[in-house]
Amino acid sequence: MADPKGFLTTGREVAETRPVNERVKDWNEVYVPGSLLPIISKQAGRCMDCGIPFCHNGCPLGNLIPEWNDYAYREDWAAASERLHATNNFPEFTGRLCPAPCESACVLGINQPAVTIKNVEVSIIDKAWGNGDVTPQPPERLSGKTVAVIGSGPAGLAAAQQLTRAGHTVAVYERADRIGGLLRYGIPEFKMEKSHINRRIEQMRAEGTKFRTETEIGRDIDAAKLRRRYDAVVIAAGATVSRDLPVPGRELNGVHFAMEYLPLANKVQEGDLTVAPITAEGKHVVVIGGGDTGADCVGTAHRQGALSVTQLEIMPRPGDERNANQPWPTFPMLYKVTSAHEEGGERVYSVSTTHFEGDEDGNVQALHLVEVEFKDGKLEQKPGTERRIPAQLVTLAMGFTGTDQSNGLVQQFGLELDERGNVARDADFATNVDGVFVAGDAGRGQSLIVWAIAEGRSAARGVDRFLTGASALPAPIRPTDRALMV
């Protein structure tokens, strides 16, 4: 145990953010560089090293949280990094992007603010990179087997790194021009600077993983031909089909999916574009959808110089405390104020869009909405609550419905889908096609980054066992596992 009295004597402190008026003028990460290290050892000392650490259950990776908290408290950063990497390929991603279900399951959280597990995690990995403790781990010998991984998001990258280290020759195929999937083009720079992805890719290249960008399986390469070329294939193409809003006026200019809007802002930061073709500058912006992707749109609009930003959510406003029907250690639905929300804008709950209004040139000018409420399990409009709000840019951030089937990948492989439209798989993450496996959102449906990495690691074990007859790779989850939620 790090500090036997730490949870009694030390209060919770989190990372310090830069002033709003400063950070909205740039695209750097919102946190004050180096602000965690002076406080993080004491924060790690709040961990109680529980006899039954429920943080393990909250985290699908099974992160060894009490162990690396102990090392962080003692400032043994090399040992902390080793324990962190024992279960997680990319802690600098999860430490910045994961909503931390481990903290919701923290035993201290029953009657006190939980341990700042996410902040400890990102401090350890950032210190490890700074100290040179993160190095390539190439295999001692090659198996002679080849694997193709389709998709370079967190699931694909995790599977690729695990299989490369197991001695297989792995090639990752990505349809975009850079590696990273939604990490690259779906996550704004102010949430995670892309240098974190770049150095991981360099580590993986040094280990032997090959990368093929601007290559879409199903369009550029026939999926059946790819299967014949490799001994095994891992599909980690994500659930990239955005949920649409079929209301009158949807066809107007200025109404876009979030994933049409966000990547362009990232391309400006990559230097590919001078100005984003879709921009919030000088416009009233409405974001439909109250989740993390919606918040990303809010923060992006602030930095582009929007006149106003309004975020709409069809569900009621969550509470500030756990509901009785969401007891510890489940992941509760709480009112969350992200860094983007701190920067301004209005959040409106329990409303539904009825239609969009355009000008004579076909450009969206306003959005009409109505208040809604649940009655007998059904969503009903409240008469007399209709109103109009100005909108010259609307982003639809209402989630994703499944993996892309328009490119022919599913049909060319001959894959079976489950009842939710995801690629079906067995206990080893294998599809109905011999030698073809699926990991991440393509098989699970839209989920969290920490689940994607866990899926990639677990699918890698299934592939390794398929290729060699046995595997020593870890499999933290089963395809049927679900988050601790009520």
Side-chain angles (χ1 to χ4, degrees), residues 61 63-64 67-68 71-72 76-97 121-174 178-181 183-184 192-213 230-232 234 236 439-440 449-450 452-461 463-464 467-468 471-476:
L61 284 166
N63 280 338
L64 307 173
E67 295 183 34
W68 41 259
Y71 285 123
D76 187 343
W77 301 110
S81 174
E82 185 278 327
R83 289 288 77 195
L84 188 54
H85 281 99
T87 57
N88 187 352
N89 297 72
F90 314 117
E92 65 270 40
F93 301 167
T94 53
R96 286 172 167 82
L97 304 176
E121 177 182 24
V122 79
S123 298
I124 293 170
I125 184 56
D126 285 355
K127 189 72 173 178
W129 278 108
N131 290 346
D133 293 331
V134 184
T135 58
Q137 299 178 36
E140 295 181 358
R141 62 181 63 86
L142 295 178
S143 67
K145 301 294 185 179
T146 59
V147 182
V149 176
I150 303 172
S152 67
L157 292 179
Q161 187 167 64
Q162 293 293 94
L163 290 167
T164 297
R165 291 176 174 179
H168 308 303
T169 300
V170 180
V172 178
Y173 289 85
E174 169 58 53
R178 288 181 176 85
I179 295 297
L183 292 172
R184 174 74 65 180
M192 186 180 75
E193 295 172 8
K194 301 306 174 280
S195 59
H196 300 297
I197 303 175
N198 296 340
R199 63 187 179 186
R200 274 296 177 186
I201 299 306
E202 290 309 307
Q203 180 201 35
M204 293 178 67
R205 281 200 173 101
E207 292 171 350
T209 304
K210 310 297 181 185
F211 295 98
R212 307 280 187 266
T213 57
Y230 290 88
D231 295 308
V234 179
I449 181 174
V450 69
I453 295 173
E455 289 242 345
R457 289 171 66 88
S458 299
R461 177 183 172 90
V463 174
D464 190 36
L467 295 174
T468 65
S471 180
L473 294 177

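Owing to the predicted nature of the structure, the values given are computational and were not obtained by experimental measurement. Heavy-atom basis, side chains included; hydrogens, waters and symmetry copies ignored.
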Non-hydrogen side-chain atoms of [X] and [Y] separated by less than 4.5 Å:
X	Y	result
Phe211	Val172	yes
Ser81	Lys127	no
His85	Trp68	no
Asn63	Asn88	yes
Ile197	Phe93	yes

**OP:** Applying side chain to side chain contact (heavy atoms under 4.5 Å, CB included), run through Leu183 and Ile449 and close with a yes or a no.
**Re:** CA-CA 9 Å; Leu183 292 172; Ile449 181 174; 3.7 Å; yes
Might you point out which heavy atoms bring [X] and [Y] nearest each other, and give the distance in Å?
X	Y	result
Met204	Ala160	CE-CB, 3.9 Å
Leu64	Arg83	CD1-NH1, 3.0 Å
Ala439	Ala459	CB-CB, 3.6 Å
Thr164	Pro139	O-CG, 3.4 Å
Ala206	Pro138	O-CB, 4.4 Å
Glu121	Thr94	OE2-OG1, 2.8 Å

Subject >> Leu467 vs Val147, side chain to side chain contact (heavy atoms under 4.5 Å, CB included): CA-CA, chis, key distance, verdict >> reply: CA-CA 9 Å; Leu467 295 174; Val147 182; 3.7 Å; yes
Got a donor-acceptor contact below 3.5 angstrom from the [X] side chain to the [Y] backbone?
X	Y	result
Arg457	Thr87	yes
Asp231	Thr146	yes
Glu92	Val122	no
Ser152	Gly180	yes

For the atom pair [atom1] ([X]) and [atom2] ([Y]), what is the distance rounded to the nearest 0.5 Å?
X	Y	atom1	atom2	value
Gln162	Arg461	CD	CZ	11.5 Å
His196	Trp129	NE2	CH2	10.5 Å
Leu473	Leu163	CG	CG	6.5 Å
Ile201	Lys194	CD1	NZ	12.5 Å
Leu84	Asp133	CG	CG	11.5 Å
Ile179	Arg212	CD1	CZ	10.0 Å

Subject >> Verdict with reasoning, Arg96 to Asp126, per salt bridge (Lys or Arg N to Asp or Glu O under 4.0 Å) >> reply: CA-CA 11 Å; Arg96 286 172 167 82; Asp126 285 355; 2.9 Å; yes
Between [X] and [Y] (salt bridge meaning N to carboxylate O under 4.0 Å), is one present in this structure?
X	Y	value
Glu174	Arg184	no
Arg165	Asp464	no
Glu202	Arg205	yes

**OP:** Evaluate side chain to side chain contact (heavy atoms under 4.5 Å, CB included) for Tyr71 paired with Ile124, printing each intermediate quantity in order.
**Re:** CA-CA 9 Å; Tyr71 285 123; Ile124 293 170; over 6 Å; no
Subject >> Residue pair Ile125, Val134: steps toward the side chain to side chain contact (heavy atoms under 4.5 Å, CB included) verdict >> reply: CA-CA 8 Å; Ile125 184 56; Val134 184; 3.9 Å; yes
